[in-house]
Amino acid sequence: MKLRIATGLGLLLFLTTMIGGPVRVSNAQDDGGGVTLASLAGKFSQRGSGFFTVCLNAGFTALPDCATAPHPVPFNITGIAHFTRDAAGNFCTIGTSTSAPVAGSTFPAGADTATDVGTTSFDATTGSGTGSFSEYHGGSCNGAVFDSTGATLTATGAFSFDVSDSGNRIEFLGTSYNTANSAFSVAGSIQGFVFSETAIRQRTQN
């Protein structure tokens, strides 16, 4: 049996985290002077980790809505990604995640790649912002622009972030994550998804 349990991390999203509010980064307001939404444009690489619960039916063969599923199975997850932001706060992310069951479970580990696309807003006075994203299986990024050719929507969500190091470092924590019905996902089949990430600006080579 093969379950598609790692539906990707954008932003992240984000891809990004599914519980909690904004994360406060040390010295985010002290060294963030002069940072604006436009100055956050550029290319970033990110890494994160967290956990989530997959809901399974009685025979452990399908992913029903967690509201009625008899078997919740917890997994740990790690991910890496790269994304591009434009001056208006739009972004496109390609991320790869790996997941493995917690101790005591016999389910196999898995890996998945996803594309996240969305937009953000930013408050320069606090050095923090919020954003929303749509997650796809397939598709590609052309800078911050999403090419939806061959893409299937698998989830939507939202996140908070804090900026430090003059806009060169961003900490992400998601605030919602909702799977969609598709060939690769089932609405409501994942719950308790917690994932935090750190993104670092990629330096331009001279």
Side-chain angles (χ1 to χ4, degrees), residues 2-20 23 25 40-54 74-86 89-102 107-120 129 131-147 150-165 167-177 179 184-185 190 192-205:
K2 181 179 179 181
L3 297 175
R4 297 191 65 87
I5 54 175
T7 55
L9 306 172
L11 160 305
L12 240 166
L13 205 209
F14 148 281
L15 287 189
T16 50
T17 326
M18 314 316 150
I19 293 178
V23 178
V25 179
L40 290 174
K43 296 181 179 180
F44 291 78
S45 58
Q46 63 187 35
R47 179 186 300 270
S49 62
F51 54 88
F52 64 100
T53 296
V54 175
F75 281 77
N76 295 317
I77 187 169
T78 60
I80 57 174
H82 58 88
F83 65 89
T84 302
R85 296 171 56 103
D86 67 17
N90 304 305
F91 65 87
C92 191
T93 304
I94 300 294
T96 300
S97 60
T98 59
S99 57
V102 299
F107 286 94
D112 196 36
T113 298
T115 306
D116 286 7
V117 58
T119 188
T120 58
S132 60
F133 68 92
S134 296
E135 186 170 275
Y136 295 86
H137 180 271
S140 60
C141 293
N142 181 12
V145 177
F146 177 55
D147 182 350
T152 300
L153 179 68
T154 57
T156 59
F159 57 91
S160 295
F161 64 94
D162 263 22
V163 174
S164 61
D165 190 21
N168 295 316
R169 180 186 178 95
I170 307 176
E171 303 282 348
F172 292 95
L173 184 68
T175 53
S176 68
Y177 185 83
T179 50
F184 307 98
S185 56
I190 292 179
F193 202 132
V194 178
F195 196 90
S196 59
E197 292 179 296
T198 299
I200 304 297
R201 186 185 298 274
Q202 296 179 356
R203 303 293 186 180
T204 302
Q205 299 294 325

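Sequential numbering from 1 along the given sequence is applied to the chain's residues.
T115 places no side-chain N or O within donor-acceptor distance of the main-chain N or O of S140, the cut-off being under 3.5 Å. A donor-acceptor contact shorter than 3.5 Å is absent between the side chain of R169 and the backbone of D162.
No hydrogens or angles considered: nothing links the side chains of T156 and S134 as a donor-acceptor pair under 3.5 Å.
Once rounded to the nearest 0.5 Å, the distance linking CG of D116 with OG of S132 reads 11.0 Å. For the atom pair OG1 of T84 and CD1 of I94, the computed distance is 9.5 Å after rounding to the nearest 0.5 Å. Atoms CZ and CG, from F159 and L173 in turn, are 11.0 Å apart once rounded to the nearest 0.5 Å.
None of Q46, E171, R47 except one satisfies the side-chain hydrogen bond (donor to acceptor under 3.5 Å, both in side chains) rule with T198; the exception is E171. When T120, T93, T119 are each tested for a side-chain hydrogen bond (donor to acceptor under 3.5 Å, both in side chains) with R85, only one passes: T120. Considering F52, F51, F75 in turn, F52 is the only one that fulfils the ring-ring contact (aromatic ring centres under 6.0 Å, His included) rule with F193.
Considering all non-hydrogen atoms of both residues, A144 and N90 come closest at CB-O, 3.7 Å.
Classification of the H137-F184 ring pair by plane angle, with boundaries at 30° and 60°, yields parallel.
For F146 and Y136, the distance between ring centers is under 6.0 angstrom.
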